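First the proteins, then the strands, lettered A, B, ... as listed; each starts at 1. Keep in mind it's a predicted model, so treat the numbers as computed, not measured.
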Protein chains: 2
Amino acid sequence: MSIRNSLLALLERGPMHGYQLRVAFEESVGGTWSLNIGQVYTTLARLERDELVAPLPESEGQRPYEITDRGRAELARWFATPIERSDRPRDELAIKLALAMTTPGVDLTAVVQTQRVAGIRALQEYTRLKAHGSGDPDDLSWLLVLEAMIFQCEAEIRWLDFCESTILRKRTARPVTRVDVHEETGA
Amino acid sequence: MSIRNSLLALLERGPMHGYQLRVAFEESVGGTWSLNIGQVYTTLARLERDELVAPLPESEGQRPYEITDRGRAELARWFATPIERSDRPRDELAIKLALAMTTPGVDLTAVVQTQRVAGIRALQEYTRLKAHGSGDPDDLSWLLVLEAMIFQCEAEIRWLDFCESTILRKRTARPVTRVDVHEETGA
DNA sequence: CGACACATGTAACACGTTACATGATTTG
DNA sequence: CAAATCATGTAACGTGTTACATGTGTCG
């Protein structure tokens with residue numbers, strides 16, 4: 001859904017053809033995510049089918065599109081509606097950790113540590129990028145996207161720390177002793 | 001990819017059939033994400049094709065599967081490999097904000113505020129869930145998943161605050177004055 | 001001329017969702 | 001008996017990826 005709406009937003013700046021849309025998108029997110037050119041054309045085809053964009057007369061082998069009024073309405077709806085938690089893709093890392101807890105033969109702390117190292121590494125890379133960033137004041141959107149990645153990364157590392165301490169606490173909390181057995185049978 | 005690996009992890013506990021896998025998955029993530037039953041069967045079919053699981057003799061209309069050695073190896077690989085930033089889906093919210101900045105006629109602060117309200121609401125809901133959570137010590141994985149959502153949600157709100165202050169700073173930083181005009185033409 | 005950027009597309013496939021179709025078993 | 005739960009699947013569609021095919025223009 002995000003690509004569809006992104007293309008609409010870019011066309012709101014003015015008519016563009018597929019190749020330009022791809023370049024404009026990647027520029028907008030500061031190269032953080034690339035956009036497959038094939039997807040641009042298939043998405044444009046669907047947008048045209050839904051009458052959210054309309055093709056302009058082609059010239060020199062280029063097929064520019066313009067946004068329609070319906071497209072503009074759809075775009076306004078996108079910006080006016082918050083992205084809910086339920087809209088988001090499943091969190092693969094959370095799923096992985098949750099399943100690791102009940103899968104036999106898995107070294108939980110190793111999984112957490114491996115992920116933690118990757119997180120720290122990513123955070124360093126982001127910090128490096130921010131340091132010798134373009135400096136271009138025009139790249140405000142690039143800064144925001146980068147900062148989003150940093151906030152997420154930090155939150156993930158803190159969560160992994162939480163996981164580790166929770167796991168350790170659980171492990172030390174119930175050493176099986178004779179007393180425990182008595183309590184359990186008594187309950 | 002996460003469902004594929006999740007099914008392998010669940011089958012590592014022992015043979016199960018499709019319906020059971022779905023229930024077990026949703027239980028593992030504390031009902032945070034639901035799993036479409038149709039997808040379970042199509043994913044099982046692909047896993048069987050790739051020889052990561054094998055069907056057991058069916059009984060009473062049930063088609064249980066067991067994990068194979070290749071499946072076990074694949075699962076071990078999953079747990080040993082960190083999920084990299086590049087593996088993650090594009091962040092729709094970051095994209096939306098980035099595009100909102102360069103789309104004409106968009107009230108940026110309104111977009112940020114709408115999203116912020118939704119974030120606060122979600123956070124309250126999570127806190128409520130945590131409060132009268134199952135209390136079940138067996139639900140450790142449920143606690144971890146919930147906490148992941150809370151960490152993410154908080155990070156998002158902090159990021160939105162960052163966005164707003166950055167946007168405001170930009171807006172007040174360059175009031176177009178006669179002096180500015182001179183500087184620009186001079187540059 | 002050859003490499004590279006520009007430009008448009010198609011095919012095949014994985015993953016994900018909703019909806020539909022079917023039947024057995026259990027339980028009020 | 002009727003409704004709910006258990007259980008298995010298919011179809012259609014959207015989204016996303018990789019790879020392939022094709023052609024123009026430009027520049028060293």
From CZ of Arg49(A) over to P of dC13(D), roughly how many Å is that when rounded to an integer? 9 Å
Both Thr42(B) and Gln20(B) contact DNA chain D. Taking the nearest nucleotide for each, which residue is further toward the 5' end? Gln20(B)
Charged N to carboxylate O under 4.0 angstrom, Glu26(B) versus Arg22(B)? yes
With nearest nucleotides of DNA chain C determined for Gln62(A) and Met1(B) from heavy-atom distances, which residue corresponds to the more 5′ nucleotide? Gln62(A)
Take the protein atom CD of Gln39(A) and the nucleotide atom C1' of dT17(D), then report the distance between them rounded to whole Å. 8 Å
Determine whether Phe25(A) and Val23(A) fall in the same hydrophobic cluster, where Ile, Leu, Val, Met, Phe, Trp and Tyr are linked whenever their side-chain heavy atoms lie under 4.5 Å apart. yes
For atom CZ of Arg22(A) and atom C1' of dG9(C), their distance in whole Å: 13 Å
Would you indicate, yes or no, if dG9(D) has its OP1 or OP2 atom less than 4.0 angstrom from a side-chain nitrogen or oxygen of Arg63(B)? yes
Of dT5(D), dT8(C), dT15(D), the nucleotide closest to the side chain of Tyr19(B) is dT5(D)
Here the distance between atom P of dC15(C) and atom CZ of Arg88(B), to the nearest Å, is 18 Å
In whole angstroms, the gap separating P of dA7(D) from OH of Tyr65(B) amounts to 15 Å
d(CD1, Ile37(B); P, dT5(D)) in whole Å: 15 Å
Rounded distance (Å) that lies between atom P of dG16(C) and atom CG of Asp87(A): 16 Å
Spacing between Leu56(B) atom CG and dT8(D) atom C1', to the nearest angstrom: 16 Å
Measure from the side-chain heavy atoms of Tyr41(B) and tell me the nearest of dT8(D), dT17(D), dT8(C). dT8(D)
Short side-chain N/O contact from Arg90(B) to OP1 or OP2 of dT17(D), under 4.0 Å: yes
If you find the nucleotide of DNA chain D closest to Gly61(B) and the one closest to Gly38(A), which residue's nucleotide is nearer the 5' end? Gly61(B)
Decide, yes or no, whether a salt bridge links Arg158(B) with Glu154(A) under the criterion of side-chain N to carboxylate O below 4.0 Å. no
With a cut-off of less than 4.0 Å, is there a side-chain N or O of Arg46(B) near OP1 or OP2 of dC13(C)? no
Using a distance-only test with no angle check, is there a side-chain donor-acceptor pair under 3.5 angstrom linking Glu92(B) and Trp78(A)? yes
State the CG-CG distance between Leu11(A) and Leu47(A), to the nearest 0.5 angstrom. 8.0 Å
